[in-house]
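No experiment lies behind these values; they were computed from the predicted model shown.
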Amino acid sequence: MLSESLLKKFDQIIARYPLKRSALVPLLLYAQDEVGHVSEEVVAEVAKRIEVRPIEVTEVITFYSMLRRQPAGKYNFQVCTNISCMLRGADEVYGYCSKKLGIKHKETTPDG
């Protein structure tokens, strides 16, 4: 599933932190770069290596928008939705893009 070089990198990253749990986000980002998303297998491997339960890894994944549970498409676009952007029409921009592409939040078009 994960390459031997990535597993060695995991060991190096974990060694940098006084608490293994502190390496969680970096490990997930490196795994996502290799696999393309954070699969159940990645969750299990990371949880085992930093000695936490898989649900704790999943909780972190759901908090950070840069971590994906599904493979992403070739191109990724985001629409700012903070209050300043919303006051300047972000809802309309999002609605237009969603309608034009036929997708919703965190979805991918059929052609990838």
Side-chain angles (χ1 to χ4, degrees):
M1 169 191 74
L2 297 175
S3 71
E4 194 61 38
S5 63
L6 181 60
L7 296 177
K8 286 179 185 176
K9 185 149 190 89
F10 278 8
D11 293 335
Q12 293 169 348
I13 293 169
I14 292 168
R16 293 182 199 157
Y17 295 93
L19 298 173
K20 289 182 179 185
R21 182 186 176 87
S22 300
L24 177 56
V25 173
L27 297 182
L28 291 172
L29 288 170
Y30 277 105
Q32 180 174 269
D33 285 346
E34 180 170 296
V35 179
H37 65 288
V38 182
S39 65
E40 286 300 320
E41 294 81 17
V42 168
V43 169
E45 181 66 28
V46 169
K48 181 179 79 172
R49 287 181 172 268
I50 62 169
E51 300 172 359
V52 298
R53 295 175 297 143
I55 188 66
E56 294 175 74
V57 176
T58 301
E59 289 169 349
V60 169
I61 295 166
T62 60
F63 181 79
Y64 291 103
S65 62
M66 74 275 204
L67 295 169
R68 300 181 304 272
R69 292 304 303 238
Q70 303 295 324
K74 182 175 181 182
Y75 301 104
N76 177 36
F77 79 90
Q78 298 177 334
V79 177
C80 174
T81 56
N82 70 25
I83 189 66
S84 301
C85 295
M86 296 301 261
L87 292 172
R88 299 289 297 163
D91 274 341
E92 291 81 14
V93 171
Y94 172 78
Y96 175 81
C97 294
S98 181
K99 184 177 179 181
K100 184 80 172 167
L101 295 171
I103 58 174
K104 294 184 177 129
H105 183 63
K106 293 194 176 185
E107 290 183 345
T108 304
T109 59
D111 64 357

Could you tell me which non-hydrogen atom of [X] sits nearest to which non-hydrogen atom of [Y], and how far apart they are?
| X | Y | result |
| --- | --- | --- |
| Leu6 | Ala31 | CD2-CA, 3.9 Å |
| Ile50 | Lys20 | CG2-O, 3.4 Å |
| Arg69 | Val38 | NE-O, 3.1 Å |
| Thr108 | Pro71 | OG1-O, 4.1 Å |

> Partners of Asp33 by side chain to side chain donor-acceptor pair (under 3.5 Å), sequence neighbours excluded?
Replying inline: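 Testing Asp33 for side chain to side chain donor-acceptor pair (under 3.5 Å), a comparison that skips the adjacent residues, returns none.
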
> By side chain to side chain donor-acceptor pair (under 3.5 Å), which residues pair with Lys106, not counting sequence neighbours?
Replying inline: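 For Lys106, no residue satisfies side chain to side chain donor-acceptor pair (under 3.5 Å) once neighbours in sequence are set aside.
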
> Would a hydrophobic clustering, with Ile, Leu, Val, Met, Phe, Trp and Tyr connected at side-chain separations under 4.5 Å, put Phe63 with Leu24?
Replying inline: yes

>> For residues Met66 and Val57: do they belong to one hydrophobic cluster (side chain heavy atoms under 4.5 Å, members Ile, Leu, Val, Met, Phe, Trp, Tyr)?
In response: yes

>> Can you list everything that forms a side-chain contact (heavy atoms from CB on, under 4.5 Å) with Glu56? Sequence neighbours excluded, please.
In response: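 Partners of Glu56 by the side-chain contact (heavy atoms from CB on, under 4.5 Å) criterion, ordered by chain and then number, come out as Arg21, Val52, Arg53, Glu59.
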
Side-chain heavy atoms of [X] within contact of [Y], under 4.5 Å:
| X | Y | result |
| --- | --- | --- |
| Glu41 | Val43 | no |
| His37 | Gln70 | no |
| Tyr64 | Leu28 | no |
| Leu29 | Pro26 | no |
| Asp11 | Arg49 | yes |
| Ile14 | Leu27 | yes |

>> Check this for me, if you would: do Lys8 and Glu4 make a salt bridge, where the nitrogen-to-carboxylate-oxygen distance has to be below 4.0 angstrom?
In response: no

Please list, one pair per line, the donor and acceptor atoms closer than 3.5 Å that link side chains of residues 73-81 to other protein atoms, with sequence neighbours excluded.
none

> Out of curiosity, Ser3 OG to Tyr30 OH, how far, rounded to the nearest 0.5 Å?
Replying inline: 12.5 Å

> What distance do Thr62 atom OG1 and Ile55 atom CD1 have between them, rounded to the nearest 0.5 Å?
Replying inline: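 Answer for the OG1-CD1 pair, Thr62 versus Ile55, is 8.0 Å.
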
> Any disulfide bond (SG atoms under 2.5 Å apart) pairs touching residues 9-50, not counting sequence neighbours?
Replying inline: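 Passing the test, one end in residues 9-50: no pairs.
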
Please list every donor-acceptor pair under 3.5 Å in which a side-chain atom of residues 82-99 meets a protein atom from a residue at least two apart or in another chain.
residue	atom	partner	partner atom	Å
Asn82	OD1	Ser84	N	3.1
Asn82	OD1	Cys85	N	3.0
Tyr94	OH	His105	N	3.0
Ser98	OG	Ile103	O	2.4

